[in-house]
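A, B, ... follow the sequence lines: proteins, then strands. Residue 1 opens every chain.
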2 protein chains.
Amino acid sequence: MRPFGCARKDRDIFQIAKLADVARRAGVGNATASRALSGVGLVSEETRKRILKAARELNYQPNRSAQALKGGRSGMIGMVIPRMSDIFFASCVDAVQAVAMTNSSLLVVSATHDCSDRTMDAVKELLHHRVDGLVLALSEYLTPAMVRSLKTLPVPTVGIDAPLTKAGLPSVMIDNCSSAELATEHLVQHGYRRIISLQVNPELFTIQERHRGYERAMQSAGLPATQHVVEDRAAAEDLLRNCGRTGRDFALLAANEVAAKYVVAAAKQLRMNMPEDFGMISFDDFDLADAMETPLTVVKQPVGRIGEVAANLLFRGLNSEDGAAAKGGALETVLSAELVIRQSCGCKK
Amino acid sequence: MRPFGCARKDRDIFQIAKLADVARRAGVGNATASRALSGVGLVSEETRKRILKAARELNYQPNRSAQALKGGRSGMIGMVIPRMSDIFFASCVDAVQAVAMTNSSLLVVSATHDCSDRTMDAVKELLHHRVDGLVLALSEYLTPAMVRSLKTLPVPTVGIDAPLTKAGLPSVMIDNCSSAELATEHLVQHGYRRIISLQVNPELFTIQERHRGYERAMQSAGLPATQHVVEDRAAAEDLLRNCGRTGRDFALLAANEVAAKYVVAAAKQLRMNMPEDFGMISFDDFDLADAMETPLTVVKQPVGRIGEVAANLLFRGLNSEDGAAAKGGALETVLSAELVIRQSCGCKK
DNA sequence: TTTACAAATGGAATCGTTTCCACAGAACAG
DNA sequence: CTGTTCTGTGGAAACGATTCCATTTGTAAA
């Protein structure tokens, strides 16, 4: 039984030919072969064909480590996210990976698991591995030290849902503030008066933006703004017990899918119903949001698009030598979110 | 406005010192510095300390590309999965990444998006990037050609939920067959007689294993086995319309979370209720499975554990030179799944 | 004191690319 | 016919780490 592989050296088996092999087979020098394959520099048409043919026959693939070492592209981009187990980030990673593949790059992911010390460490580690570019989905606020570091990042970088603009880096996101304002207004129109802004990680940038939009709407409506943090289902139950029973004008704006799920579970436990006992609109659409006991009204972000746009922005910058990604465009790309109206907000089916 | 980064060369800014810098600062030769830092070879205690100090002061990190090129570790492992947007795989990736981090490695992910041609291409590409090891979550059946290739993989490799045993590679999974059998028996005990095995991707290895277990249970119970494929919600609606209305003894064994979600949505549409109109047990626990109108009975896989165990197995093999991962253990590591009984199976609350 | 051996060290080759530079030959203007 | 320019080409020097091997030094055995 040979459980694992064999030695690293077997070039035959996984067909690892090197440039020199190609050059020899084509009867040319190393340098010429390199030029022909990379497409830069002068090579006569005839020679180029011979070299490409040899490369094809040997199934040649350049050694990325060597390329990276020499200072060229490593063929990898890095991505930092809080965690994978969150539809939003998982979808972003999926989209970025797809775009990376199109640009014949690989994606290296690192998750911080909400430990914000990890963020810059992750970035540094990715850089030591010579990634060609970075996608940062840092929802945390940046410390001055981080801004300073990010400003001097040696590779093209784009942010997703991240306040990277401060560091002069392009980023892609929805207009969290306006979307929250819109959603809140919708709740107000349904007659809800005691509306609470609900969050799990109140310290995050996007979450605070959403809260800001909520506040704006509440102020316009002449209603008091209240912020509440639920770290788990039990906390959601407490909240519903305290507020939900005391009148018909209670509603929640859940800042993300996690908060909404806590509330749904708590409501089930307490046998409370939406929209009768309380109303709710949540950020982030999820799989069964429309097949719940009360289909959930949500602010749906174009998750796939966000990752895709960010990655494309990155590669555009990557391919135009000195990183002219944002040239001719704003630093911040704002995609529009959609209010998907179902029933938890009070709208009839 | 300087949208993207600066030139690649700035070593000052992101503190990229090289070995030679460390050596110079410590007043020793290149070779000695390397030995001291990597811990192999003879270096006097005093010199070692001086070198480590210099490295710390310069914030030295080895250039992974150079290390990889020289033939050592690249400090990266690769992972191939069908897609990210699936809790099961997302959790696996999360777990593997965490273990990789512990072993100071980075994780490179590639998704095939169910295009099985992509599988071996992804593996090859990862190998060209000189990953130190591979985690393959290929739920597809292996073609003979793939088995042949996998047998000669030049790096340690473990499988997740994948039939890699045929290629002599260790893999980690739950006992899909027995779990399905158990779940089916449970439905039978509740009096369901017309039980259908429901799947989205019937060609996948794990799914077929589950179907096999279902068949075994049905046969034991003297009941006819039926397989049904639902590719979307509409298909689930058709199924429920045809079978669910005709009696009280109808139940479904959903082979995964996706199938279950289609059914739940379809049932809502048709205003059918579990467990009265039909019963269901599904593979894969998900966030709101217990907060649905009818809390779902599920076979819960230890998702996090699977990834963790697989990754640990990989690194054990990686660290013991010639890949003795499976030494002293079976090739296949089977973790136990848990039947989480809620209400969709007919059990009272 | 000489010989032998071990410990500690640095020089230089190596990994596979890219790229600078020098050189050969062709084309062309003077 | 002689320079000059241009096109193609290959040799060789990087890139940054590891590692073989030779060298120096210190110490113990003969």
Side-chain angles (χ1 to χ4, degrees), chain A residues 7-11 14-51 54-55 58-76 127-130 132 154, chain B residues 7-11 14-51 54-55 58-76 127-130 132 154:
Chain A
R8 253 272 178 178
K9 288 292 167 181
D10 294 343
R11 353 187 107 266
F14 256 76
Q15 318 275 31
I16 305 185
K18 45 185 185 175
L19 182 65
D21 299 332
V22 176
R24 195 170 337 111
R25 174 177 259 257
V28 298
N30 253 341
T32 308
S34 175
R35 258 168 294 171
L37 290 167
S38 64
V40 280
L42 296 176
V43 184
S44 75
E45 198 46 46
E46 187 208 6
T47 317
R48 151 169 291 120
K49 270 189 195 144
R50 219 168 56 242
I51 294 172
L58 292 175
N59 191 19
Y60 168 77
Q61 291 293 127
N63 180 322
R64 300 305 202 133
S65 307
Q67 288 184 314
L69 175 58
K70 185 58 217 225
R73 295 273 172 87
S74 65
M76 305 188 297
L127 290 175
H128 286 135
H129 282 258
R130 292 295 189 278
D132 300 324
Chain B
R8 252 266 177 188
K9 288 291 167 185
D10 294 342
R11 2 184 100 266
F14 256 74
Q15 318 274 31
I16 305 184
K18 45 185 186 177
L19 183 65
D21 301 331
V22 175
R24 195 171 337 110
R25 174 177 259 257
V28 296
N30 253 344
T32 309
S34 174
R35 260 166 293 170
L37 291 166
S38 65
V40 279
L42 296 174
V43 185
S44 75
E45 199 45 46
E46 188 207 7
T47 316
R48 153 168 291 121
K49 271 189 194 144
R50 219 168 56 241
I51 294 173
L58 292 175
N59 192 19
Y60 169 77
Q61 291 292 128
N63 180 322
R64 301 303 203 134
S65 308
Q67 288 184 315
L69 176 58
K70 187 59 219 256
R73 296 271 172 88
S74 66
M76 306 187 296
L127 289 175
H128 286 135
H129 282 259
R130 292 297 189 276
D132 300 323

Q. Reckon A/Thr32 touches a base, only the sugar-phosphate, or nothing at all at heavy-atom distances under 4.0 Å?
A. base

Q. Is the shortest distance from a Lys or Arg side-chain nitrogen in A/Arg24 or A/Asp21 to a carboxylate oxygen in the other one below 4.0 Å?
A. yes

Q. What do the steps show when you test A/Gln67 against A/Arg64 for side chain to side chain contact (heavy atoms under 4.5 Å, CB included), and what is the final call?
A. CA-CA 5 Å; A/Gln67 288 184 314; A/Arg64 300 305 202 133; 3.3 Å; yes

Q) Hey, is the main chain of B/Ala26 close enough, under 3.5 Å, to the side chain of B/Arg50 for a donor-acceptor pair? A) yes

Q. Distance check: side-chain N/O of B/Tyr60 vs OP1/OP2 of D/dA17, anything under 4.0 Å?
A. yes

Q) Atom NZ of A/Lys49 and atom P of D/dG8: how far apart are they, to the nearest Å? A) 14 Å

(Q) Any side-chain to backbone donor/acceptor pair from B/Ser65 onto A/Ala68? Under 3.5 Å, distance only. (A) no

Q. In whole angstrom, what separates B/Leu42's CG from D/dT23's P?
A. 19 Å

Q: Enter the distance from A/His129:NE2 to B/Asn63:CG here, rounded to the nearest 0.5 Å.
A: 9.5 Å

**Q.** Length of the line joining A/Ile51:CD1 and D/dG8:C1', which is rounded to integer Å
**A.** 11 Å

Q.
Any N or O donor-acceptor pair under 3.5 Å from the base of C/dT17 to the side chain of A/Lys70?
A. no

Q) A/Asn63 CG to C/dT14 P: how many Å, rounded? A) 17 Å

Q. Okay, side chain of B/Ser38, backbone of B/Ser34: is any donor-acceptor separation there less than 3.5 Å?
A. yes

Q) For A/Ser34 and C/dT18, is the shortest distance between a side-chain N/O and OP1 or OP2 below 4.0 Å? A) yes

Q) Considering heavy-atom distances to DNA chain C, does B/Leu69 or B/Gly27 have its closest nucleotide positioned more toward the 5' end? A) B/Gly27

Q.
Between P on C/dT14 and CG on B/Asn30, what's the gap in Å once rounded to a whole number?
A. 17 Å

**Q.** For atom CD of A/Gln67 and atom C1' of C/dT17, their distance in whole Å
**A.** 7 Å

Q.
Without decimals, in angstroms, what is the distance between A/Leu37 CG and D/dG10 P?
A. 13 Å

Q: Report yes if a donor N or O on one partner sits less than 3.5 Å from an acceptor N or O on the other, where the partners are the side chain of B/Arg35 and the base of C/dG10; otherwise report no.
A: yes

Q.
What is the distance, to the nearest angstrom, from the CD atom on B/Gln61 to the P atom on D/dG16?
A. 15 Å

Q) Within the structure shown, what part of the strands sits under 4.0 Å from A/Thr47 by heavy-atom distance: base, sugar-phosphate, or nothing? A) sugar-phosphate

Q) Which angle, to the nearest 10 degrees, lies between the helix axes at the two ends of the helix from C/dT1-D/dA30 to C/dG30-D/dC1, each defined by five pairs? A) 60°

Q) Any side-chain N or O of A/Ser44 under 4.0 Å from OP1/OP2 of D/dT9? A) yes

